[in-house]
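Each remark here refers to the structure printed beneath this line.
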Amino acid sequence: MSFNQRHLLGIEPLHPSEITALLDLSERYVELNRSSAKHAEALAGLTQINMFFEASTRTQASFELAGKRLGADVMNMSVAHSSVKKGETLIDTALTLNAMHPDLLVVRHPSSGAVNLLAEKVNCAVLNAGDGRHEHPTQALLDALTIRRKKGRLHRLVVAICGDIAHSRVARSNLILLGKMENRVRLIAPPTLMPAGVAEFGCEVFDDMQAGLEGADVVMMLRLQKERMDGAFIPSEREFFHRYGLDSEKLSRAKPDAIVMHPGPMNRGVEIDGLIADDINRSVIQEQVEMGVAVRMAAMDLLAQNLRRERLKAALREA
Ligand code: NCD
């Protein structure tokens, strides 16, 4: 099995075979997580620190659980009560934590590129849990695992990603991953929420949702990220739902067995009708959460293996 990365900062640097290797290992952890003794030793003796400079429910909980199930010592740094509030910079905070010898650092930050910068300053494996509108690699990987399990493959699928694309790291990581695995990606959004330059990723762009959903295998909905909007991007939430909210009428344009995804948190009645979100025949939103724990276990397991190998080599060089 090959996964030659020191950090998991984005999907961009991954080779398709590394994505497949990570998803294959995740399958083993799905089984473990469904058993009654949910414990393995892959991270035994290692210290994992979670630093979340932005709100999170699913991602933080799932990284914490993933580390604990693999036997790591897990610490959640509470940013709200930390020296960050006293004006300490991200790098100073990281260097302070680095001095405590963590092995895995899980970081979420509102600025794009902040996690890459931090990775240069510490000597442990860094996992990006979402940086600004840049990347959210474990979300794209858990989405890929969910799709692969539901559709039986992860290639030659038509995947429609709809809503606030402009502010979404989830959309960005997903379109890179789905493109690498040779799927057809369609982006559906009003022009104000479509980022410039998306054509370079080789995806099709739609502002009409009905047309964009035609024949789709997967419909991925995104939250309107109001915290990243500094002006009026939509006329009103009601109008947005009318044109871009997923309801049964619009969904009927996709394939009859199309699955509906959402990374959470959802705004019911804004980007998705609550009835669709709760429809267990279409919505795989709960499966996405389940896959999230397994994918994070696999990611940390693979990075820890590389870290141990690297440290062993360094020790042998010194000997
Ligand atoms: C996403 C995020 O934080 O980027 N949430 C998540 O991690 N599940 C999407 C969002 O906030 O809308």
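Residue numbers start at 1 and run along the sequence shown. Computed from a predicted structure; not experimentally measured. All values below come from the heavy atoms of this structure, side chains included, with hydrogens, waters and symmetry mates left out. Counting starts at 1 for both ligands and their atoms, following the listed order.
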Passing candidate, side chain to side chain donor-acceptor pair (under 3.5 Å) with Ser173, options Glu135, His136, His134: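 The option that passes is Glu135.
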
Separation between CD of Glu237 and CG of Leu224, rounded to the nearest 0.5 Å: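 These two atoms lie 6.5 Å from each other.
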
Separation between CD1 of Ile176 and CG of Leu14, rounded to the nearest 0.5 Å: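 Between atom CD1 of Ile176 and atom CG of Leu14 there are 9.5 Å.
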
Working for side-chain hydrogen bond (donor to acceptor under 3.5 Å, both in side chains), residues Glu31 and Asn33: CA-CA 5 Å; Glu31 290 310 309; Asn33 290 339; over 6 Å; no

Best match, Ala129, Ser56, Ala171, Gly264: closest heavy atom to atom 6 (C) of ligand 1: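 Residue with the shortest heavy-atom distance to the ligand atom: Gly264.
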
Under-4.0 Å heavy-atom contact with ligand 1, by part of Arg108 that carries it: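 For Arg108, the contact with ligand 1 is made by the side chain alone.
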
Phe241 six-ring centre to Lys250 NZ/CZ under 6.0 Å and within 45° of normal: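 The answer is yes, since Lys250 meets both limits relative to Phe241.
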
Which atoms of ligand 1 sit under 4.0 Å from any heavy atom of [X]?
X	result
Arg223	10 (C), 11 (O), 12 (O)
Pro263	8 (N)
Gln225	10 (C), 12 (O)
Gln139	6 (C), 7 (O), 8 (N)
Val170	1 (C), 4 (O), 9 (C)
His136	2 (C), 4 (O), 6 (C), 7 (O)

4.0 Å heavy-atom contact, Gly130 with ligand 1: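 Per 4.0 Å heavy-atom rule, Gly130 does not contact ligand 1.
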
Close side-chain approach of Arg184 to Leu157, heavy-atom, < 4.5 Å: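 The answer is no; the side chains never approach within 4.5 Å.
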
Donor + acceptor pair across side chains of Arg223, His262 (<3.5 Å):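 Looking only at side-chain atoms, His262 and Arg223 do not form any donor-acceptor pair under 3.5 Å.
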
For atom 3 (O) of ligand 1, closest protein heavy-atom neighbour: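 Heavy-atom neighbour on the protein nearest atom 3 (O) of ligand 1: Arg169 NH2, 2.9 Å.
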
